[in-house]
Novice: 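One structure, pasted below without further comment.
Letters go in sequence order (proteins before strands), and every chain restarts at 1.
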Amino acid sequence: MTDPFDLTDEDFDAATGAPGDEATPEPPWLAGLNPEQRRAVETLDGPVLVLSGAGTGKTRVLTTRIAHILHQRRAQPWRVLAVTFTNRAAREMRERLAGMIGPVAESVWLGTFHALSLRILRRHAALAGLRDGFSILDADDQLRLLKQLMADAGLDAKKDPPKAIMGRIQRWKDRGLTPDRVPEEDRRGTGAQRAAMLYTRYQARLLELNACDFGDLLLHTLGIFQAHPEVAAEYQRRFDYILVDEYQDTNVAQYLWLRLLAAGHRNLCCVGDDDQSIYSWRGAEVGNILRFEQDYPGSAVIRLERNYRSTTAILGAASGLIRHNADRLGKDLIAAGAAAADPDAPPVKVRGLWDGEAEARWVVEEIEALSHEGLPAAGTAILVRAAFLMRAFEERLMTCGVPYQVVGGPRFYERLEIRDALAYLRLVAQPDDDLAFERIVNTPKRGLGEASLQSLQVMARKAGMPLLAAARDLADSDELTKRARKALAGFVADVERWRALVGGMPPAELCATILEESGYAAMWKADKSPEAPGRVENLEELVGAVTEFETLDAFLEHIALVMETESKGAAAGVTLMTLHGAKGLEFDVVFLPGWEEDVFPHKRALEEGGQASLEEERRLAYVGLTRARKRAFVSFAANRRIFNNWQAAMPSRFVDELPDDCVEKTSDTGLYGAVTAGFAEEMGGWGTRHPRRSMTGGQGGAGGGARVAPGTGSWKVRDRTGDGLDITVGQRVFHQKFGYGRVLSSEGGKLAVDFEKAGVKTVVAGFVEAV
DNA sequence: TGAAATCACTTTTTT
DNA sequence: AGTGATTTCA
């Protein structure tokens with residue numbers, strides 16, 4: 001195979017007139033690399049696979065490699081394509097690159113698969129059957145659309161859960177399969193046929209709506225490349241070098257996408273770690289990394305095994321654990337950093353506790369103790385298997401007044417009020433966005449009930465026009481009651497007035513105008529429920545977020561792809577997040593709670609995926625451990641409340657798999673006596689010695705119970721500025737989580753408050769506001 | 001048409 | 001337990 005870019009340095013320099021090696025001093029960024037890293041950076045021609053273990057400098061290699069390509073004048077920045085998996089990784093890489101090579105970093109094609117696909121798709125929308133300005137549906141829209149289609153087809157949502165169907169559709173998309181290519185064996189079995197049928201209709205409906213979902217961004221791009229070789233060729237020529245981060249997490253569609261783009265020059269560099277593959281449930285194929293060498297014969301394979309992040313104890317624990325996986329390329333981490341040299345680096349602490357609340361108490365105690373040892377909360381993370389495990393920690397951290405932030409929790413864009421507000425903006429930007437129309441036509445209440453909307457739907461469907469246009473016509477006809485007609489006409493007039501304003505004023509101002517004039521903001525301001533003020537705040541935050549953008553379209557595009565408000569402000573406290581969210585991050589101190597059978601490894605994972613899933617769960621544990629630089633703590637509870645009842649829990653098998661020489665196991669000695677050998681069995685036995693405690697209804701607060709049911713989902717994190725000095729006994733206060741209440745007593749910065757909903761609770765003064 | 005009442009389902013992980 | 005959806009009642 002001839003490779004147009006297989007040039008020697010001399011050829012290249014002669015061709016471009018760039019100075020030769022001796023004239024160019026070695027760029028500073030190469031100096032600090034170890035030999036393997038250096039090889040990964042300097043092997044520019046042909047396919048390269050970098051097997052990069054945790055903490056071995058993967059991001060550094062990627063950014064340095066880009067810098068090197070540019071410095072060597074191998075390519076212009078806009079001819080380099082770098083693909084990441086998350087927006088965060090893209091942002092981080094861009095920042096680090098800018099730090100090395102300056103503002104020219106901006107012109108590199110760097111982004112997530114989805115963002116880059118969208119960029120390509122916008123240019124060739126017509127080839128995918130879309131019109132300019134097509135919109136991107138969020139998960140909620142997708143599901144609503146599917147439910148409509150199911151209702152039209154007379155399918156029972158009880159028999160075929162829309163979420164399950166959606167899952168199947170997405171997995172087909174992950175595999176690059178359009179509805180007509182769904183293989184026969186995928187159509188057999190319960191519900192499969194109906195899912196395939198719905199997939200066809202769903203795609204058809206999306207085209208009618210001039211919309212696509214997340215998976216379509218890739219699928220359409222891929223389809224265009226396959227159906228129009230001249231377009232594919234254009235992009236093959238356009239990029240001289242392609243780099244891919246987290247290659248182990250790519251799905252089939254992404255694999256094909258990359259293979260197509262790299263087909264010409266094969267200057268493809270993929271960086272990944274099979275031991276950190278944790279997204280198979282989303283269609284990721286570890287197979288992609290395992291067969292790289294076969295796909296790209298003659299590829300260079302470079303292993304990065306020197307870990308600069310963690311202590312030997314942490315690495316030993318992680319390696320010992322992951323060794324239990326059969327299906328891996330086999331790669332060992334060698335401690336090489338400053339942390340490894342620390343002679344009194346302590347072992348990984350493993351601790352068994354009575355229940356989830358005791359676990360939270362212990363974790364926060366340790367956090368407070370560590371902060372006195374020079375390891376402050378700001379460098380500490382609590383990493384959990386599933387979001388519901390966060391509750392106990394949030395509660396405990398709040399009670400103790402330790403600042404914290406939840407990362408990747410319920411996301412900004414997913415909030416009801418934000419989705420509503422976005423629907424207004426979408427409808428104004430895209431009058432044929434029917435899903436947006438439906439969402440807000442009667443929010444706030446305009447007296448347009450189901451009956452009116454039903455006839456509107458029917459009419460629009462018959463005339464083949466978008467709902468907004470149909471509404472305009474319907475308001476002029478005499479189909480509806482006078483009141484409904486008037487309301488509809490008013491709504492249509494509003495939207496048209498706002499549409500006229502687009503471009504005439506900054507989008508943030510437009511957004512504020514719409515929220516005011518529609519009465520949507522007023523609706524929440526008038527709402528008396530405890531969460532309403534937070535929603536008003538979020539709406540204000542939304543307007544603030546729009547300020548960053550020049551046009552409404554640019555904002556909507558950003559929100560569709562990024563869907564998270566940029567983490568603003570310094571991370572001051574303990575970081576609380578899921579293990580999945582933690583990949584690619586590092587902390588001085590890491591707590592890994594909830595290591596119990598059925599929780600971690602998760603029961604559902606085992607039920608659905610068997611051995612393969614068990615290994616994936618183990619990789620997740622490995623990811624968790626390897627996030628830690630200096631200290632790692634593993635814990636498990638003998639009893640845990642799941643849903644609303646208590647369940648006895650066995651320690652996770654992963655606890656036993658941790659090598660003894662790297663960990664120190666202790667249990668609650670004060671309560672249960674010293675336990676050394678047979679530790680896990682004994683802990684597991686607790687549950688049987690103390691059979692399921694059934695707690696009768698959490699609230700009521702009585703019965704000596706400090707144990708009060710946790711409140712609702714999310715609340716805003718507040719820093720502890722001002723110690724609530726203006727709060728006095730008898731004062732009515734508002735608490736983000738517990739709502740309104742009255743102060744009973746105050747002692748040492750803590751208040752006893754009688755909450756209207758949650759009963760009597762002790763809270764830190766800084767977490768309540770006087771009302 | 002809107003509010004109240006009941007019901008079912010939740011909690012694995014997310015671009 | 002708490003949320004959201006669906007059903008029932010005023």
Novice: Do the ring centers of A:H324 and A:F654 come within less than 6.0 Å of each other?
Specialist: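 Centroid separation for A:H324 and A:F654: 6.0 Å or greater.
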Novice: Side chains of A:K173 and A:Q203: any donor to acceptor distance under 3.5 Å?
Specialist: yes
Novice: For the side chain of A:A387, starting at C-beta, report the closest nucleotide among B:dG2, B:dT15, B:dT13.
Specialist: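 It is B:dT13.
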Novice: Do you see a donor-acceptor pair shorter than 3.5 Å between the side chains of A:S613 and A:E608?
Specialist: no
Novice: Return yes if a side-chain donor-acceptor contact under 3.5 Å exists between A:S117 and A:W257, otherwise no.
Specialist: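 Their side chains do contain a donor-acceptor pair, which is all the 3.5 Å distance test asks for.
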Novice: Which of residues 597-612 of chain A have a heavy atom under 4.0 Å from DNA chain B?
Specialist: A:H602, A:R604, A:E608
Novice: Taking any heavy-atom pair under 4.0 Å as a contact, classify A:A451: base, sugar-phosphate, or nothing.
Specialist: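 Result for A:A451 = sugar-phosphate.
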Novice: Of all of residues 271-284 of chain A, which get a heavy atom below 4.0 angstrom from DNA chain B, listed by number?
Specialist: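 Residues of residues 271-284 of chain A under 4.0 Å from DNA chain B: A:Y279, A:W281, A:R282.
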Novice: Can you check whether A:F491 and A:F437 have ring centres sitting under 6.0 Å from each other?
Specialist: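 So the answer is yes for these two rings.
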Novice: Show your reasoning for whether ring pair (Phe, Tyr, Trp, His ring centres under 6.0 Å) applies to A:H602 and A:W281.
Specialist: CA-CA 13 Å; A:H602 198 275; A:W281 50 274; over 10 Å; no
Novice: Determine whether A:T250 and A:N288 satisfy the following criterion, side-chain hydrogen bond (donor to acceptor under 3.5 Å, both in side chains), listing intermediate values before the conclusion.
Specialist: CA-CA 7 Å; A:T250 51; A:N288 291 346; 3.0 Å; yes
Novice: Assign each of A:N442 and A:L620 to its nearest nucleotide of DNA chain B by heavy atoms, then name whichever residue's nucleotide is nearer the 5' end.
Specialist: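 The 5'-side residue here is A:N442.
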Novice: A:R446 or A:F113: which one's nearest nucleotide on DNA chain B is closer to the 5' end?
Specialist: A:R446
Novice: Output the rounded distance in Å from CD (A:E414) to P (C:dG4).
Specialist: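 Distance, rounded to whole Å: 12 Å.
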Novice: Without decimals, in angstroms, what is the distance between A:L592 CG and B:dT12 P?
Specialist: 20 Å
Novice: Whole angstrom is fine here: how far is it from CD in A:E615 over to C1' in B:dT13?
Specialist: 18 Å
Novice: Send over the distance from A:F388 CZ to C:dG2 P, rounded to a whole Å.
Specialist: 17 Å
Novice: Find the distance A:N251:CG to B:dT15:P and express it as a whole number of Å.
Specialist: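 Distance, rounded to whole Å: 14 Å.
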Novice: Sticking with atom C1', work out how far C:dG2 lies from B:dT13, rounded to a whole angstrom.
Specialist: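 About 22 Å, rounded to a whole number of Å.
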Novice: Once you round it to whole Å, what is the distance between P of B:dT14 and CG of A:L579?
Specialist: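 For the pair A:L579 CG and B:dT14 P, the rounded distance is 10 Å.
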Novice: Tell me what A:G447 touches on the nucleic acid: a base, only sugar-phosphate, or nothing, going by heavy atoms under 4.0 Å.
Specialist: sugar-phosphate
Novice: Ignoring hydrogens and angles, state whether a donor on the side chain of A:E285 or A:Q248 is under 3.5 Å from an acceptor on the partner side chain.
Specialist: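 The criterion, which ignores hydrogens and geometry beyond distance, is not satisfied for A:Q248 and A:E285.
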Novice: Of the nucleotides B:dT14, B:dG2, B:dT15, which one has an atom closest to the side chain of A:H580?
Specialist: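 Out of B:dT14, B:dG2, B:dT15, the nucleotide with an atom closest to A:H580's side chain is B:dT14.
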Novice: Phosphate oxygens OP1/OP2 of B:dT14: is one of them under 4.0 Å from a side-chain N or O of A:T578?
Specialist: yes
Novice: Heavy atoms under 4.0 Å, any strand shown: does A:S613 hit a base, just sugar-phosphate, or nothing?
Specialist: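 Nothing, no heavy atom under 4.0 Å.
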Novice: Answer whether the closest heavy-atom distance between the side chains of A:Q276 and A:R619 falls below 4.5 Å.
Specialist: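 A side-chain contact under 4.5 Å is absent here.
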Novice: What is the distance, rounded to the nearest whole Å, between atom CE of A:M390 and atom P of B:dT10?
Specialist: 20 Å
Novice: Round to a whole Å and report the spacing from CZ of A:R641 to C1' of B:dT11.
Specialist: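 Atom CZ in A:R641 sits about 14 Å away from atom C1' in B:dT11.
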Novice: Nearest to the side chain of A:T112 - B:dT1, B:dT15, B:dT13?
Specialist: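 Per side-chain heavy atoms of A:T112, the pick is B:dT15.
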Novice: State whether a side-chain donor-acceptor pair under 3.5 Å links A:D273 with A:Y247.
Specialist: no
